[in-house]
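Values below: all heavy atoms of this structure, side chains included; hydrogens, waters and symmetry mates excluded. Small disclaimer: the values here were computed from a predicted structure and weren't measured. Each chain gets a letter, A, B and so on, in the order the sequences are listed, and its residues count up from 1.
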Protein chains: 2
Amino acid sequence: MKTYPHPQLDDLPLAEVMQALADPCRIAIVRTLLEADGRELACGEFDLGVAKATCSHHFDVLRSAGIVASRVEGTRCMTSLRKDEIETRFPGLLRLVAGEAPARRRRR
Amino acid sequence: MKTYPHPQLDDLPLAEVMQALADPCRIAIVRTLLEADGRELACGEFDLGVAKATCSHHFDVLRSAGIVASRVEGTRCMTSLRKDEIETRFPGLLRLVAGEAPARRRRR
DNA sequence: GCTATTGTTCGACGAAGAACGAACAAAGAC
DNA sequence: GTCTTTGTTCGTTCTTCGTCGAACAATAGC
């Protein structure tokens, strides 16, 4: 059965984590996981509006940056937030992601 | 005399700030400014190991992301951290940048 | 066995980004 | 005035990134 690699957070450079969170799609994933409050979610449960392959890519980036953890369960890929580890290595980071001002006019 | 545009932090999307900090060179700039503790620094005072043009580009990115402010003084460009504003809009962000774990301990 | 479901991997594409040298601009120093 | 200093702008090159469709793999259910 397939497993995913998950890096240790200790050696992880800040720049890589920032890079991982520098995309609206991936921020949305982390927010959804924060709202899930510890529960695992399957990839399909995120409503991202992108193709499957793209979705898979974003989860890969988040995993490589140590932000989420995934495991296979049946035909699904259950993903959870590495909340405590992130809080230890990058205190305040998740609050930052959670706490953005509510949706207002967005420009690009 | 030339001036630089500086965005308001209120409307600034988190992704843009993350993107701006997703580069080792720019993280180094912010760290240097944090150590300068409020003092303005000229571009040339940062030792980044890149060409002038590249340096100018990085400052531009940080300005556009609302992280630093610059003004011209004589032939130099004095840059400072928008510390309080950042702390209000993105609480904890600067601590995150400042607080990365020091260079890895060697173990025998 | 066969089919449906769920993700992954591959290859491609265009857009964005980092880097550089060269030319330029503005102010100081002389 | 000329020269120096400091940084910006332009044009180019190369790399990385986000996106997609198509093909594939693994499991579940029949």
Which whole-number value in Å describes the distance from A:Gln19 CD to D:dT15 P? 17 Å
Let me know the distance between CG of B:Asp60 and C1' of D:dT6, rounded to the nearest Å. 16 Å
Using whole Å, what does the distance between atom P of nucleotide D:dT15 and atom CG of B:Asp23 come to? 17 Å
What is the distance, rounded to the nearest whole Å, between atom CD1 of B:Ile29 and atom P of C:dA18? 11 Å
Has B:Arg63 got a side-chain atom pairing as donor or acceptor with B:His6's backbone, closer than 3.5 angstrom? no
Calculate the interatomic distance between A:Ile27 atom CD1 and D:dG18 atom P; express it in whole Å. 12 Å
Of all of residues 41-52 of chain A, which get a heavy atom below 4.0 angstrom from DNA chain C, listed by number? A:Ala42, A:Cys43, A:Gly44, A:Lys52
For C:dA18 and B:Arg26 - does any side-chain N or O of the residue sit under 4.0 Å from the phosphate oxygens OP1/OP2? yes
Nearest heavy-atom pair of B:Leu12 and B:Ser64: which atoms, and what distance? CD1-O, 4.1 Å
Between B:Ile86 and B:Gly66, what is the shortest heavy-atom contact and its length? CG1-O, 4.1 Å
Contact residues, residues 62-71 of chain A to DNA chain D [heavy atom, < 4.0 Å]: none
Show me the pairs that pass side-chain hydrogen bond (donor to acceptor under 3.5 Å, both in side chains) and involve residues 45-54 of chain B, at least two apart or across chains. none
Of the nucleotides D:dT8, C:dT8, C:dT9, which one has an atom closest to the side chain of B:Tyr4? D:dT8
C:dG28 P sits how many Å from B:Arg76 CZ, rounded? 11 Å
Counting just side-chain N and O atoms, does B:Ser56 come under 4.0 Å of either OP1 or OP2 of D:dT8? yes
Can you tell which of D:dA26, C:dA18, D:dG7 lies closest to the side chain of A:Thr75? D:dA26
When you measure from the side-chain N and O atoms of A:His58 to the phosphate of D:dT19, is any distance below 4.0 Å, counting only OP1 and OP2? yes
Would A:Phe46 and A:Phe59 count as a close aromatic pair, with their ring centres under 6.0 Å? yes
Distance-minimising heavy-atom pair for A:Thr79 and A:Ser70: OG1-OG, 2.9 Å
Taking B:Asp10's backbone N and O only, do any of them form a donor-acceptor pair with B:Arg89's side chain (distance below 3.5 Å, no angle check)? yes
Map B:Phe59 and A:Val61 onto DNA chain D by nearest heavy atom, then report which one ends up closer to the 5' terminus. B:Phe59
Between B:His57 and B:Arg26, the two heavy atoms sitting closest are NE2-NH1, 4.3 Å
Taking C:dC20, D:dG21, C:dA18 as options, the one with an atom nearest any side-chain atom of A:Ala53 is D:dG21
Measure from NE2 on A:His57 to C1' on C:dA12 and round the result to the nearest Å. 15 Å
Could you report the tightest heavy-atom contact between B:Val50 and B:Cys55, atom names first, then the distance? CG2-N, 4.0 Å
